[in-house]
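In what follows, every chain begins at residue 1, and chains take the letters A, B, ... in the order their sequences are listed.
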Amino acid sequence: MASHEPLAADNPLLRFGAAWNRFWFTPHDAFSLAVLRIVVGLILLYWLATWTPDLTAFFGPRGMVSTEVLDELGFGSVPPSRLSYLSLANSATELYVLHAVGLLVAAAFTLGVFTRFTSIAALVVAMAYIHRAEFLTSQSDAVMVILLFYLCLGPCGRCLSFDRWRAERKQAAGVEQDVTWTATPSLRLIQIHLTLYYIIMVVAQLTATYIAGPQTISFPWIDGTAVWWLAARPDSRWIDLTGLLGSSLVLINALTHLLMLFEVALIGGLWCRSTRRLVLWGTIPFWLLLAVLSGLGMFAALMCAAGIAFVEPSRLRRLFAPLGSRSGTR
Amino acid sequence: MNTRPDEIPGPSSATRTTINVLLMVHFVFIAVAVTVNFQPVSSFRLRLQNIPFAPLYAKLLSQDILYNGPLANFAITDGQFDRDYRCRVLLDWRDGMENDPAAVAQLEQIDLLPEGVWPNVRRQRYLQLAKYTGLSEGDSIESLLPQAISDYLLMEVHNIPPTMGERHRFQCNERLLQDLPNLRSIDPQERDPMADRWLSTRYEADLVGTGQQWAPNKVAGREEVTQVQPIGGTGGGESSPRAPQGDR
């Protein structure tokens, strides 16, 4: 890349090319990917575990969303049941065996056991549940799949993993560098995709309408009532805040506008070195509030987790320092 | 173990080119997924779906979601998509009960959403199924899920065989949201959001035992429209209800 520098100074196209290459290929510490692997892996494990009590109710041969029902519902040209290995189960026992395998894969991925293989396998597991019954899934699943996909592409098992521990025991074979260009595309993709989600949120919220009555159309994020509509769904929410919110329309308006303003701040703030830390800390109360209001806890957790891609690896290393060098924290 | 980034070799030119091409393809496919799934969609944007492999790529990675729906608005999109739905079976339904709320209240009910289901992510799945059932109303496949849900709740959970001649009632209701200004004018005792007065019936069917299964006969006003559509049979596969776009 260095040999291009003099030419690049004259030619805008080459300058762009050099900047592009710096952005995508400047070596980066794989520790960030490792932390992301653990957090996303734990969320995946939790998510898979929550399927356990309802597995046969939904996916069993006599379940509410059996493969027959699913194919009958019809979604485009590819029957969704063919996109999921769970459809291969012909009995409840087979279903639970496949489920147990999925849980094992997720656990291995989280611990960083044969991560090259288990990262891809974890993605396949997550996709199997989502494609088995798309209409049971929620927005969090889309975020989880894309994070798993990006983690597959990078060396997410290089630190804080069983693989690392094994490599250090075989000192003769040498331990791979933590700082590597192969980590950069993964991290950049996560950063870009997260920003894309926030941009979409702002654009969608600015244009969102709500049919409040036969002749009433409201713009809830602009007229400041969105927070009320989030809290007013009694089946979905975590806790009932309508008593508190109902006492003050000003509070509802202020919270709605604050949430939107913060989303706008996130888009630019995440990419600006001086504001990054501030907005990253801000995402925690932001998503916590949204989780409490809407009941979308997993979505909130995943969006927070994706923010790890923006955290300086040195800070993450300090955080995990007590685990010692065995885990690749130094 | 760590070396300064500028001392670490980057990828070869060929590797860089390959990765750049793959990145471009990925971004094009994601851009198509976002463009096509941000409603309303122009016919030009809809044609982008014809780009080979783009829809499949988006589907596999679950990026074929409604971008100005639940993802971005946390489900504040449109009156019908925002609401929570509830499905239940009322046992031993008899003619004329529609006009007798007191008699309906006496009936044994089996709810799709199990009592005290936890954590919330499990609860959301049942709510999604109920919502999808409700939003399928009016579609050619509207009776499919009511039948599947009824068969499961009655035969699998409560061990009630589909005896010929027996009749129950399947209901899918949407829970109306409490509008803040109006709520203040309501008697506090009637503000319970879970009360039946906040429910609107979206789909209702008599469940008739056929010996094999519980067949739903949709109740349309006072008329009954026979909608027996055996699971695994033909038909209904072409169309898709509105719900997947509303929630995915």
Side-chain angles (χ1 to χ4, degrees), chain A residues 1 21 25-27 47 50 53-54 57 62-64 66 68-69 71-75 127 130 134-139 141-142 145-146 149 175 177-181 185 200-201 204-205 207-208 210-212 220 226 228-230 232-236 238 246 249 290 294-298 330, chain B residues 1-3 5 8 10-11 16 19 23 34 38 56 60-63 65 67-68 70-79 82-84 86 119-122 124-125 127-129 132 141 144-145 148-149 152 156 175 177-180 183 193-194 231-232 236-240 243-244 247-248:
Chain A
M1 267 185 286
N21 283 336
F25 302 112
T26 298
W47 180 76
T50 60
D54 306 316
R62 292 178 178 183
M64 293 179 280
S66 64
E68 284 173 332
V69 172
D71 287 343
E72 196 78 12
L73 284 169
F75 293 86
M127 289 199 299
I130 292 166
E134 284 188 340
F135 53 89
L136 296 184
T137 59
S138 63
Q139 50 274 74
D141 304 335
V145 167
I146 205 72
F149 175 63
V175 181
Q177 292 276 357
D178 290 350
V179 180
T180 166
W181 70 267
I200 290 169
M201 278 180 191
Q205 287 168 9
T207 55
Y210 181 85
I211 302 167
W228 171 260
W229 294 117
L230 284 176
R233 297 174 61 181
D235 292 295
S236 298
W238 276 358
L249 190 59
L290 278 169
S294 63
L296 301 171
M298 230 187 83
R330 285 174 203 157
Chain B
M1 191 49 54
N2 294 314
T3 320
I8 295 162
R16 263 203 324 257
I19 292 173
L23 283 171
V34 173
F38 200 100
L56 183 64
L60 278 173
L61 292 180
S62 287
Q63 298 303 298
I65 48 177
Y67 280 93
N68 51 338
L71 178 88
N73 291 317
F74 319 111
I76 301 177
T77 50
D78 178 335
D82 299 346
R83 296 167 186 172
D84 290 323
R86 182 187 77 169
N120 207 45
V121 65
R122 276 183 70 205
Q124 293 285 352
R125 287 178 196 132
L127 290 173
Q128 287 288 94
L129 182 60
Y132 192 81
I141 52 155
L144 255 176
L145 282 172
I149 293 169
Y152 175 76
E156 298 298 315
R175 202 178 293 285
L177 296 186
Q178 297 180 329
D179 180 62
L180 183 58
L183 189 65
M194 306 302 276
I231 292 165
E238 285 297 310
S239 57
S240 59
D247 254 53
R248 291 248 335 124

In this structure, CZ of A/Phe135 is separated from CG of B/Leu145 (nearest 0.5 Å) by 5.0 Å

Between A/Leu136 and B/Leu129, which heavy-atom pair has the shortest distance, and what is it? CD2-CB, 3.6 Å

Least distance between heavy atoms, B/Ile65 atom then A/Ala142 atom: CD1-CB, 3.7 Å

Closest contact, heavy atoms only, B/Gln124 versus A/Leu296: NE2-CD2, 4.4 Å

Which heavy atom in B/Arg125 sits nearest to a heavy atom in A/Thr50, and how many Å separate them? NH2-OG1, 3.0 Å

What residue, out of A/Ile146, A/Thr180, A/Leu249, has the most heavy-atom pairs lying under 4.5 Å from chain B? A/Ile146

For B/Leu23, is it the side chain, the backbone, both, or neither that has a heavy atom closer than 4.5 Å to a heavy atom of chain A? side chain

If you measure from the Lys or Arg side-chain nitrogens to the Asp or Glu carboxylate oxygens, is any gap between B/Arg122 and A/Asp54 under 4.0 Å? yes

For B/Arg175, is it the side chain, the backbone, both, or neither that has a heavy atom closer than 4.5 Å to a heavy atom of chain A? side chain

Got B/Tyr152 and A/Val69 here, is their nearest side-chain heavy-atom distance under 4.5 Å? no

Non-hydrogen atoms of chain A under 4.5 Å away: do they reach the side chain of B/Ile149, the backbone, both or neither? both

Taking all non-hydrogen atoms of both residues into account, name the closest pair between A/Met298 and B/Val121 and its distance. SD-CG2, 4.2 Å

Got B/Ser62 and A/Asp141 here, is their nearest side-chain heavy-atom distance under 4.5 Å? no

Between B/Pro11 and A/Phe25, the two heavy atoms sitting closest are CG-CD2, 3.7 Å

